[in-house]
Amino acid sequence: MMTLDSKKMIKIFNNIASKVEEEKAFLTELDTAIGDGDHGINLARGFHAVAEKLSQMEEDDDTGSVLKTVGMQLVSTVGGASGPLYGTAFMKAGAVSKGKRELDAVGFLAAFEAAVDGVKMRGKAVPGEKTMLDALCPACDALKISIAGGDDLKTAVWKAVEAAEKGVAFTKTIIATKGRASYLGERSLGHQDPGATSSLLMLRVIAESL
Amino acid sequence: MMTLDSKKMIKIFNNIASKVEEEKAFLTELDTAIGDGDHGINLARGFHAVAEKLSQMEEDDDTGSVLKTVGMQLVSTVGGASGPLYGTAFMKAGAVSKGKRELDAVGFLAAFEAAVDGVKMRGKAVPGEKTMLDALCPACDALKISIAGGDDLKTAVWKAVEAAEKGVAFTKTIIATKGRASYLGERSLGHQDPGATSSLLMLRVIAESL
Amino acid sequence: MKKIINSVEKVEEQMIRGLVKAFPQQLKKLSCGNVVVRATKKEGKVALVSGGGSGHEPAHGGFVGEGMLDCAVAGPVFTSPTPDQIYEGIKAVATEPGVLCIVKNYTGDVLNFEMAIDMAKDEGIKADYVVVNDDVAVKDSLYTTGRRGVAGTILVHKIAGARAEEGADLSSVKAVAEKVIANVRTMGMAIKPCTVPANGKPGFELAEDEMEIGIGIHGEPGTHREKLAQANKVAETLLEKILADIDYKGREVTVIINGMGATPLMELYIVNDFVQDYLAAHEVKVYNTMVGNYMTSIEMAGFSITLLRLDDELKRLYDAKAAAPALVK
Amino acid sequence: MKKIINSVEKVEEQMIRGLVKAFPQQLKKLSCGNVVVRATKKEGKVALVSGGGSGHEPAHGGFVGEGMLDCAVAGPVFTSPTPDQIYEGIKAVATEPGVLCIVKNYTGDVLNFEMAIDMAKDEGIKADYVVVNDDVAVKDSLYTTGRRGVAGTILVHKIAGARAEEGADLSSVKAVAEKVIANVRTMGMAIKPCTVPANGKPGFELAEDEMEIGIGIHGEPGTHREKLAQANKVAETLLEKILADIDYKGREVTVIINGMGATPLMELYIVNDFVQDYLAAHEVKVYNTMVGNYMTSIEMAGFSITLLRLDDELKRLYDAKAAAPALVK
Ligand SMILES: Nc1ncnc2c1ncn2[C@@H]1O[C@H](COP(=O)(O)OP(=O)(O)O)[C@@H](O)[C@H]1O
Ligand SMILES: Nc1ncnc2c1ncn2[C@@H]1O[C@H](COP(=O)(O)OP(=O)(O)O)[C@@H](O)[C@H]1O
Ligand SMILES: [Mg+2]
Ligand SMILES: [Mg+2]
Ligand SMILES: [Mg+2]
Ligand SMILES: [Mg+2]
């Protein structure tokens, strides 16, 4: 049975950091179109700090503690809207994972659900408002169904990625009512949401790294 | 014998006003290269005011009084360096022409010499400093020689135009030491002086209008 | 991107250092980050903390001083500072009467300030906040993020700052801040975009004959694009929108003609020439006018018009002494 | 050309009207032209008159007020006003102790002011003038026009203004103005040119990676062109030239980091961060620093650095009360 321990988790976060750095310009470009052109810069700054923090951390078996560290680091380095949102997500995931030396499919799902709830709570948004939730919520649903159906973690996460891809595409078709893109009104149509895109990127890195 | 009465003089000033308006962009362009890009604008504003003033003036037989009016109008509408300089020039020309109903060649020369002396006095410059004096001084010399040699006024003014043309060409070859162009040091080389150019234009209009 | 900077990474820190070095008697920078506080902490009064992304200079560091803010927290350009930065600022100036944070209505600012205030409260600091949302370019709806906070924020600093300096308690200072927020409206436009240093490319592009109407202060595009019109026509468009939002008729107002950073004063004065006549014609009485760069978007060219409806209390506080780098009264 | 104006012909007048309407209690405009005077004439003191071409806002109208100028005469953009305009200004503020004109060293300004002063003297007005020439970019030689007057002019306004307000006689006010002129030096640079409205085209063009060093304030090219360098390097270039001109070592100075009109405060603060360290390292003690747009070139982007060497008298006068739109002390 495939599980995720804290070592693997740290590797995944390093991979996310590289990916975000790689896609920094792309994410920033998306945010220039309908926001203020800093989403890639913000996340790159944050995950760079996460990677550095994790490399300095004493070995820690507790997956909850790793996730909490990531969340706190994001909160204190990203800024903007996405900082508190992603930060809260990982902190909440850490809270439900506290004390677990490894996450199996069910544990991963619990962490993911907690993360998504954290984003909803913090940002007071729901799916359909052209935010990261339009990637995260369908992904969470897909994950849940897949795991309930007996898929292993890797398969389930890939299904979540597929759902997130559709969610990102969906954001092109709707008007933003949360975040900076909402200032544009109808002019936000046709553009994909930067936060939904970064959520998809992270999920894909997880799927590839598992 | 060809002479210049106040009626003809007013016609000449109207012609100068048209010419300056026509060459406004050109003079301004010259001043953009080595000054602050307003010479054409300044002169056009001034001669527009001159033409208006002359059209409102009661008929006046005194050439001196016409010249003085032009000078005062230039002083109070042109601004910049060229305003007081050209203004003083015409005021001084007016002073020596006071009471004359017409200027013959000798009278014209006296007025022209007074004008050039006025520019020298006001601007504390000498020929060779890349200013209007590099057109005016050689023109004045040519006028003097031509008239002394017995040429009529029109011929003499055409000779002055030729001398002024050479003077303008000469300004391209020297470094400015007076006026704004002097701030450029060696970078003023290769550019012709806007003020020398406007002096040439005016002289040419006089020659053509006589 | 053409800027007078040393490196994209050092913009915020060198800028804050440069500000503090220009006013060493009045300001100091906390060593933990880009947080500006008064050189001498003032006890016994409510402390005012503001901040947000950088790029709005002189906001907000330039408004730290007697009669205005106690602390300004500067994030990266156009990016809200993080909760721990804000918390350090709150902690540094916290007094017994408490701390009021003045937050501009952006999701990022609101979320980060909320988290910081929670942290401060956990440490026993009395802290509260108000959210400024004066930008009438954006529709104010319960179902959206609501209007943005823009140049009107300066007047919240000024008036709440004066009330705090008078010794009012936290709820009174908050109440007057909310009164300003309820009565202040702003609308802006731009003819040239700005470039976030770390990004390197402008937030939008405009043709030589185009302008953006309903612009914010983060280099983002406005609500719509038009052919560039005469200054008077543009100012009228903005004023119409402002006057339609709340009733200013017969009332006294403070006016801000705010430059976006690269707008020459020449143009702001020309706009003001029209604005004053327009207001007079619409029976709005001008009590005071500010013309200049107060809440900018780096090197954006354009302007915003702010109107604050006054009553006697607001007039008294508006006129009260202020001695901040960017506002002396 | 992209500007927020109504028409090229009305720029100067609408701008002056807009300025005066922003400060109706402090300023008024003479009906005869673009001449700004204090709303209430102050008798019994030497009156200070300055001016020159427009395009340098807030200079000079923004410096009319208590402790500074009595009158500012505004010509067309970058073009000296005419003698009759200046004369009207002189006449409007002339007092029994006399009038001192503060003229920047440009042929046009000097000639027009001289003629106006002659006119005033003919009418029995006691009038004199000083010529400011602080720009070290230009060689000062007996055989040339000499150095230009640039941002240092503001300090002449401030200090001579304070001395006049103290009630000093004309020769004493002139003497202190000349002391400032002898001790003040400026050097500037630009990364983007400006456009005279009536002209429509920029005064020079710069590639994306170029800057002009030794720039004046009339949109004219500078003394030379270089590759755009880091802010610190640029500031060092300017400072070296200034410090080489007169000896500042061991002395106290006032510093102006002056924006050219479109330079964001962000960049000026970054420059100041370096300037303060550089001066400290060169044993120049900073008494006070001003950072902002004081003497601009419409929408030029760039900055200048001004240093004024102080003594006790200059410090006292520099610190004296001032209440002009663009400078409050
Ligand atoms: N209320 C919200 N709930 C969920 N996600 C949000 C919310 N507001 C903004 N976002 C997400 O944040 C992204 C922008 O992040 P970022 O650019 O880093 O912050 P900022 O908008 O402050 O510049 C948006 O693309 C959107 O996905
Ligand atoms: N001291 C001087 N003596 C004679 N002519 C001068 C002097 N200074 C400047 N000029 C002339 O004035 C011209 C510039 O005039 P203009 O552009 O109208 O004024 P400004 O230089 O004030 O903008 C120069 O091209 C030059 O010919
Ligand atoms: Mg963003
Ligand atoms: Mg010129
Ligand atoms: Mg942002
Ligand atoms: Mg000029």
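Letters go in sequence order (proteins before strands), and every chain restarts at 1. Because the structure is a prediction, the values reported are computed rather than measured. Side-chain atoms are counted along with the backbone in the values below, which use heavy atoms only and exclude waters and symmetry mates.
The main-chain N or O of G37(B) is found under 3.5 Å from a side-chain atom of N199(D) such that the two form a donor-acceptor pair. The main-chain N or O of G179(B) is found under 3.5 Å from a side-chain atom of T145(D) such that the two form a donor-acceptor pair.
Only the backbone of A33(B) comes within less than 4.5 Å of a heavy atom of chain D; no side-chain atom from C-beta onward does. Heavy atoms of T32(B) lying under 4.5 Å from chain D belong to its backbone as well as its side chain. Contact of Q85(D) with chain B is not made at all, since no heavy-atom distance falls under 4.5 Å. Only the side chain of T88(B) comes within contact range of chain D, with at least one heavy atom under 4.5 Å from a heavy atom of that chain. Of the atoms belonging to P221(D), heavy atoms from both backbone and side chain fall under 4.5 Å from chain B. For K124(B), the part lying under 4.5 angstrom from a heavy atom of chain D is the side chain only. For chain B, the nearby part of D84(D) is the side chain; its heavy atoms alone come within less than 4.5 Å. For a residue to count as touching a neighbouring chain, one of its non-hydrogen atoms must lie under 4.5 Å from one of that chain's; by this rule R187(B) touches chain D with the side chain only.
Other residues, nucleotides and ligands contribute more than 12 heavy atoms inside 6.0 Å of the NZ atom of K29(D). The 12-atom threshold is exceeded at CD of Q56(B), counting heavy atoms of other residues, nucleotides or ligands nearer than 6.0 Å. Atom NZ of K2(D) sits in a crowded spot, with more than 12 heavy atoms from other residues, nucleotides or ligands closer than 6.0 Å. With a 6.0 Å radius and a threshold of 12 heavy atoms from other residues, nucleotides or ligands, K100(B) has its NZ atom above the threshold. Heavy atoms from other residues, nucleotides or ligands lying under 6.0 Å from NZ of K8(B) number more than 12. No more than 12 heavy atoms of other residues, nucleotides or ligands shown are found within 6.0 angstrom of CE on M72(B).
Ranked by heavy-atom pairs shorter than 4.5 Å toward chain B, the options P81(D), G52(D), S80(D), G216(D) are led by S80(D). Ranked by heavy-atom pairs under 4.5 Å with chain D, the list I34(B), T77(B), V75(B), L184(B) is led by V75(B). Residue with the most contacts toward chain D among D31(B), I41(B), L85(B), V78(B): I41(B) (heavy-atom pairs, distance under 4.5 Å). Among the candidates P83(D), G219(D), G75(D), the residue making the largest number of heavy-atom pairs closer than 4.5 Å to chain B is P83(D). Contacts with chain D were tallied for G87(B), G80(B), G185(B), A81(B); G80(B) has the most, counting heavy-atom pairs under 4.5 Å. Counting heavy-atom pairs closer than 4.5 Å to chain B, the top-ranked of the candidates K201(D), E114(D), H224(D) is H224(D). For chain B, the option among G200(D), G222(D), G53(D), A137(D) with the highest count of heavy-atom pairs below 4.5 Å is G222(D).
Between the CG atom of N112(D) and the OG atom of S76(B) there is a distance of 10.5 Å, given to the nearest 0.5 Å.
Closest approach of E220(D) and G35(B) over heavy atoms only: CB-O, 3.2 Å. Closest non-hydrogen pair, P84(B) versus M115(D), comes out as CB-SD, 3.6 Å.
Between the side chains of N42(B) and T79(D), at least one donor N or O sits under 3.5 Å from an acceptor N or O.
Considering only heavy atoms from C-beta on, R180(B) stays 4.5 Å or farther from T107(D) through its side chain. Contact check for D38(B) versus H218(D): no side-chain heavy atoms found under the 4.5 Å cut-off.
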